[in-house]
Every structure is written in structure tokens, then in C-alpha cells.
Number of protein chains: 2
Amino acid sequence: MRTSRQRQLILDLVRSRALNHPTAQDVHDAVRDHMPGVSLGTVYRNLHQLVETGEIMAVQSEGPVHYDWNREPHLHLHCRRCGSLVDVPLDLEATVREQGRALGHALEEIDIHVRGTCSRCLGSTNKPQ
Amino acid sequence: MRTSRQRQLILDLVRSRALNHPTAQDVHDAVRDHMPGVSLGTVYRNLHQLVETGEIMAVQSEGPVHYDWNREPHLHLHCRRCGSLVDVPLDLEATVREQGRALGHALEEIDIHVRGTCSRCLGSTNKPQ
DNA sequence: CTAATTGCAAACGTTTTGCAGCGTT
DNA sequence: AACGCTGCAAAACGTTTGCAATTAG
């Protein structure tokens with residue numbers, strides 16, 4: 001894998017935390033602020049490579065895939081009100097892995113989605129984000 | 001909600017376990033064996049309604065949504081080799097819910113995906129399903 | 001009767017891909 | 001020079017929707 005200005009920018013943006021669990025489209029918008037010519041196809045191709053090399057994580061809940069710089073074990077609260085994804089630190093891997101072993105499966109990735117309402121939305125009676 | 005021959009057939013098929021975590025397309029194929037004229041749109045509309053009323057569950061992993069008759073707490077092993085989904089009985093809801101409460105979130109749905117290789121594929125050196 | 005449900009086909013949002021040219025090594 | 005990467009545009013994919021006709025209560 002060679003280096004490219006596009007891929008480096010994409011990685012920097014996702015890692016910067018300026019974007020909260022961005023979709024490919026979100027990343028594309030942000031990338032174009034710095035490099036206007038970058039195509040959506042390039043963003044998708046690079047996000048895939050970055051997931052493959054473990055630099056970032058892909059999070060699939062409902063609708064488009066979101067990307068996450070956080071490589072620690074955690075799960076995602078998908079807020080039904082504002083649509084945001086919030087990281088919830090919780091390591092269930094050992095528990096799940098043990099159960100898998102008991103059933104003879106080889107587990108590689110554990111991916112947990114939680115849907116509900118985030119604390120920010122619970123604390124307000126206003127319109128969602 | 002009225003009854004319709006199409007919806008009843010769809011529910012019976014998903015509940016019959018003849019289909020293993022079928023996608024909408026799988027259900028459509030199976031439905032047409034019994035009622036050739038049924039459209040894919042009708043299958044999608046009915047699967048949504050059945051999820052809404054809690055008769056079946058939707059499972060989102062990678063690619064298309066899969067449907068599951070199993071309403072007990074469990075997680076899904078998505079086999080990377082044969083693509084199958086296998087139920088893994090394990091109730092993590094209490095653990096996850098407690099963590100959510102500590103962070104002030106209101107949790108509604110907990111959805112756990114595990115990717116790896118299922119026992120069936122581990123036990124064979126042959127081509128995937 | 002009436003309103004939910006249907007088949008059909010077109011449209012949708014997201015993602016992937018073929019291609020010719022460009023950039024890195 | 002070789003080959004990975006790019007922008008572009010078209011296509012693929014899974015899903016949703018508008019419509020007029022049909023069907024269940």
C-alpha cells in the first residue's frame with residue numbers, strides 16, 4: 001500500500017474526532033473542504049483499506065455505515081432521536097468469546113449495537129439535533 | 001392490521017425454520033413456490049410489519065437484512081466462510097443495560113453481531129456452502 | 001362500503017466498479 | 001518503468017414508494 005495525500009487526509013479527519021462517527025458521505029464533505037477534487041469513490045476505497053489495516057473501524061447499524069477512530073472495546077448507542085452514535089465503553093469480548101468456544105465457533109469480531117435515546121436527548125425537550 | 005394470505009404465508013415460512021435467517025429475497029423465493037404472483041415489494045412491506053408487531057426480528061450485519069423467528073435473547077455469529085448466520089444463546093442485556101443506565105442513556109434494543117467461522121465450516125476443508 | 005393490501009414499476013440512497021490517466025516509489 | 005491510486009461516470013445493490021386495482025372486514 002502506497003501513501004497518498006487523499007488517504008492520509010481521510011485518516012487524519014476520522015482520527016481528529018472533529019467528525020462524530022461519520023458516514024462515507026460525511027467524510028467526503030469534510031475532505032472536500034481541504035481538497036476539493038476528491039471523489040466519493042476514492043473516499044469509499046480508502047475507508048475500506050483503512051478498515052482492512054485496522055486503522056479505523058466500520059460500524060453498521062441502520063442506514064449507511066459509520067466509521068470510528070476508537071479501537072478500544074466498546075459498543076455503540078444509536079440514538080433514535082438525534083441519530084447520533086455514542087460510544088459506550090464496555091468489554092464483553094471475553095464473555096462472548098467463551099460462549100463461542102463452547103459452541104465450537106472461531107470468533108473474530110464482536111460488534112454490538114444498542115438503540116435507544118442518548119443522555120443528551122433525554123435531558124432536553126427540544127427538537128432532535 | 002388485516003389478515004392477508006400473503007402475510008400469513010410469509011410469517012409461516014419465517015417461523016417454520018425451513019429457512020435459516022432468510023433475507024427478503026430468500027423469503028420472496030420461498031413465497032413464490034407457494035404463491036407465484038407475490039411481489040418483492042409486498043414481501044418487504046410485510047416483513048416490516050411483522051418486525052413492528054414483534055412477530056419476527058430483523059438482523060443487520062453486512063449486506064442485506066436477515067430475519068429471525070427466534071425471539072429469545074441471543075446473538076448472531078455471521079460465518080465469514082459460508083455466510084450463514086448462527087444463533088448463539090447468550091443474554092447480555094442486563095450487563096449492557098446497567099452500563100447504559102450508568103451513562104444516563106435509555107436503551108431499547110441491543111443487537112450483537114459476531115463475525116468469525118462457524119463450527120460446521122471449521123470442521124470441513126471443503127468449499128464453503 | 002371502506003380502507004388495508006396488493007402487483008407493478010419506477011425511484012431511491014448507498015456502495016461498487018471499469019476505465020483511462022496520474023502519482024509514488 | 002511499474003503499478004497503486006485517482007476522478008469520473010455508470011452500474012449494482014438492497015430497499016422504498018406511488019399508483020390503480022383488488023380484497024378483507
Side-chain angles (χ1 to χ4, degrees), chain A residues 1-14 19 21-53 55-68 76 78 83 85 111 113 115, chain B residues 1-14 19 21-53 55-68 76 78 80 83-85 111 113 115:
Chain A
M1 182 157 94
R2 287 182 187 165
T3 60
S4 82
R5 304 185 335 97
Q6 289 87 337
R7 179 157 52 241
Q8 190 57 52
L9 176 54
I10 288 167
L11 178 56
D12 288 346
L13 280 168
V14 176
L19 305 172
H21 295 93
T23 62
Q25 191 58 250
D26 294 335
V27 173
H28 188 217
D29 293 346
V31 163
R32 292 177 104 164
D33 289 346
H34 298 80
M35 285 178 70
V38 179
S39 74
L40 186 55
T42 294
V43 171
Y44 272 106
R45 275 184 289 234
N46 279 311
L47 288 171
H48 277 173
Q49 284 180 274
L50 293 169
V51 168
E52 200 119 314
T53 59
E55 310 257 26
I56 61 177
M57 269 186 54
V59 182
Q60 172 83 255
S61 179
E62 287 170 356
V65 173
H66 294 249
Y67 294 90
D68 193 349
H76 298 105
H78 191 173
L85 285 169
D111 184 9
H113 308 305
R115 283 181 277 273
Chain B
M1 181 156 94
R2 288 183 186 163
T3 59
S4 81
R5 307 190 327 101
Q6 288 88 338
R7 180 157 50 242
Q8 190 56 52
L9 176 55
I10 289 167
L11 178 55
D12 288 346
L13 280 168
V14 175
L19 305 172
H21 296 92
T23 63
Q25 190 59 248
D26 294 335
V27 174
H28 188 217
D29 293 345
V31 163
R32 292 177 106 165
D33 289 346
H34 299 79
M35 283 177 72
V38 178
S39 75
L40 186 55
T42 294
V43 170
Y44 273 105
R45 275 185 289 233
N46 280 311
L47 287 171
H48 278 173
Q49 284 180 276
L50 293 169
V51 168
E52 201 119 313
T53 58
E55 309 258 26
I56 62 177
M57 272 184 54
V59 182
Q60 171 83 256
S61 179
E62 288 169 354
V65 174
H66 294 248
Y67 294 90
D68 194 348
H76 297 106
H78 190 172
R80 284 220 155 111
S84 70
L85 284 170
D111 185 9
H113 309 306
R115 283 181 277 273

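Every chain is numbered from 1, with letters handed out A, B, ... down the list of sequences.
Put simply, the side chain of Asp26(B) does not reach to within 4.5 Å of the side chain of Tyr67(B), judged on heavy atoms.
Nucleic acid contact for Gln6(A): sugar-phosphate only, since backbone atoms but no base atoms lie under 4.0 Å from a heavy atom of the residue. In this structure, Gly63(A) reaches neither bases nor backbone, as no heavy-atom distance under 4.0 Å exists between it and the strands shown. Using a 4.0 Å heavy-atom distance criterion, Thr23(A) is classed as making no nucleic acid contact. No engagement by His28(B) is indicated, since no non-hydrogen atom pair under 4.0 Å with the nucleic acid exists.
Comparing dG23(C), dG14(D), dA24(D) by their nearest atom to the side chain of Arg5(B) picks out dA24(D). Among dT15(D), dG7(C), dA24(D), the nucleotide with an atom closest to any side-chain atom of Val38(B) is dG7(C).
Two end axes, each from the C1' atoms of five base pairs, can be drawn for the helix from dC1(C)-dG25(D) to dT25(C)-dA1(D); they diverge by 40°, to 10 degrees.
Within 6.0 Å of CD on Glu62(B) lie more than 12 heavy atoms contributed by other residues, nucleotides or ligands.
Per the geometry, CD belonging to Gln49(A) stands 14 Å off C1' belonging to dT16(C), to the nearest Å. With rounding to whole Å, Arg7(A) atom CZ is found 12 Å from dG7(D) atom P. If you take CG of Leu47(A) and P of dT14(C), they are 14 Å apart, rounded to a whole angstrom.
Neither OP1 nor OP2 of dA24(D) sits under 4.0 Å from any side-chain N or O of Thr3(B).
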